[in-house]
Number of protein chains: 2
Amino acid sequence: MNKQISKRTLYRLPVYLSLLQEKAKEGVEYISATSIANILGLNHVQVRKDLSCASSAGRPKVGYETKVLIKDLQNFLDYNNTKDAVIVGAGGLGKALLGYDGFKSYGLNIVAAFDVNSALCGKQINGKTIFHVDKLPELTKRMNIHIGIITAPAENAQSICDTLVKSGVLAIWNFAPVSLTVPRGIIVQNENMATSLAILSNKLNEVLRG
Amino acid sequence: MNKQISKRTLYRLPVYLSLLQEKAKEGVEYISATSIANILGLNHVQVRKDLSCASSAGRPKVGYETKVLIKDLQNFLDYNNTKDAVIVGAGGLGKALLGYDGFKSYGLNIVAAFDVNSALCGKQINGKTIFHVDKLPELTKRMNIHIGIITAPAENAQSICDTLVKSGVLAIWNFAPVSLTVPRGIIVQNENMATSLAILSNKLNEVLRG
DNA sequence: CTCTTATTGATATTTTTTTATCGATAATTT
DNA sequence: AAATTATCGATAAAAAAATATCAATAAGAG
């Protein structure tokens, strides 16, 4: 526990967590690194190593207690501390994310949305109001929000990003297919669907051709 | 060109492509690996190596001709060959993806959507009809579709996945937060938002604490 | 025309990540 | 009670990826 955490490990921890939650639902009380590895198509040593960063609940011959491991992972991933966020861009994707209740379990609380389209303003989705972007700086500052989610079209993404940064946002989850330029210290996580698609497509080609 | 392509490189190629397309729009005719690396926060040798997998258009002192590089990347990523796909789950996210026209430029053509909710069936979004899932096997087989996109709730994802596989789908783009079990040879690409979020959150914590 | 500079692309080195091996441990079987 | 087995966790080895170095090249400056 508390070893240095590698980027890749951090990538996999939420995947383990999600699997464990499924298994817990099914009533699985104990689970071994070997079986996790088999299900996810990973190496069992890797799984054990990854888990050791967040937990120390493993017992020889038995494996990990599902519930304890879930708790440890949630704790490590900071899913218990709720973090407020705003969405900018209330188009299709923005609305979809607003309507999705699953983020709560990841410790993300979307408090409001913003859009340039006045026709959308004042509307509520899933109990969350859509405001005009003009109100973004004030509201974001006042509520001390540090996470911004950009679901606007590519051409507006950079200026929205700039506004978010000026308004005190430190971390940006970017769904627009552009590379944002940010000041040093600001975090950008790109949700790049093109990349996923490229990998899928590449693998599919191998199957179809090879 | 035509060297062995690593997973990581494949991950980055669409990112380069997207940046290059931006730059091309701005009228940039030539671009160097160094400047790409600076913009994206990567190492310039890495960029050069990555690009060499897909193109051989670089000239010393000048860099790459933007248009040629874009073409080479699109070609390498097979964005010119259109691949048909179906979406299963016409909830918020499914509708958002149906309404998004950007996939065309990645060679993905969503031909139809399916849902269990009869109320949605028959409706059209962005010119694409929503059918009842009962019709999925027949339609998918008849149209010889190899890609399925799952945007259904987690609890339905596995059974949808099974149906897709039975219907001849070879590659699945999974937006549901579950790990799907598939027969050998079937490709699954998980669009795991929890993972992105975990990384964002982790980095943010470092900033806030450190 | 020569020198300087920015760049490519190849090779070498370093770092990171993954995988293999092995002893320790605890549950189960004989 | 001893042997067997499934597992963990640590360390070692191997593989993959990232980065550094350097010769070659071509554009532009002097």
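In what follows, chains carry the letters A, B, and so on, assigned in the order in which the sequence lines appear, proteins first and then strands, with residues in each chain numbered from 1. Atoms considered below: every heavy atom in the structure, side chains included; atoms not considered: hydrogens, waters and symmetry mates.
By the 30° and 60° cut-offs, the orientation of the rings of Tyr100(A) relative to Phe103(A) is perpendicular.
Between Lys7(A) atom NZ and dT17(C) atom P there is a gap of 9 Å when expressed in whole angstrom units. Between Leu69(B) atom CG and dG9(C) atom C1' the separation is 15 Å, expressed in whole Å. Rounded to an integer number of Å, the gap from Gln46(A) CD to dT21(C) P is 17 Å. Atom OH in Tyr64(A) sits about 17 Å away from atom P in dA6(D), given to the nearest Å. As a whole-Å value, the separation of Arg12(B) CZ from dA16(D) P is 15 Å. Rounded to an integer number of Å, the gap from Ile5(A) CD1 to dT17(C) C1' is 13 Å.
Not a single donor-acceptor pair under 3.5 Å links the side chain of Thr9(A) to the backbone N or O of Ile5(A). Using a distance-only test at 3.5 Å, with no hydrogens or angles considered, a donor-acceptor pair links the side chain of Asp115(A) to the main chain of Ala90(A). Put simply, the side chain of Thr66(B) gets close to the backbone of Glu29(B): a donor and an acceptor are under 3.5 Å apart. Thr151(A) places no side-chain N or O within donor-acceptor distance of the main-chain N or O of Gly91(A), the cut-off being under 3.5 Å.
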Contact letters for nucleotides 22-30 of chain D, in which S counts primed atoms plus P, OP1 and OP2 and B counts the base, heavy atoms under 4.0 Å: ---BBB---

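Checked by atom type, the side-chain pair Glu191(A)/Ser196(B) shows a donor-acceptor distance below 3.5 Å.
Both Gly58(B) and Asp50(A) lie near DNA chain C, and the one whose nearest nucleotide falls closer to the 5' end is Gly58(B).
Expressed to the nearest 0.5 Å, how far OG1 of Thr163(A) lies from CG of Leu136(A) amounts to 7.0 Å. Note that CD1 of Ile199(B) is 11.5 Å distant from CG of Asn190(A), once rounded to the nearest 0.5 Å.
For the pair Lys23(A) and Glu26(A), the salt-bridge criterion is met [side-chain N within less than 4.0 Å of a carboxylate O].
Scanning atom types as modelled, no donor and acceptor separated by under 3.5 angstrom connect the side chain of Lys49(A) and the base of dT17(C).
Scanning residues 30-43 of chain A for heavy-atom distances under 4.0 Å to DNA chain C yields Asn43(A).
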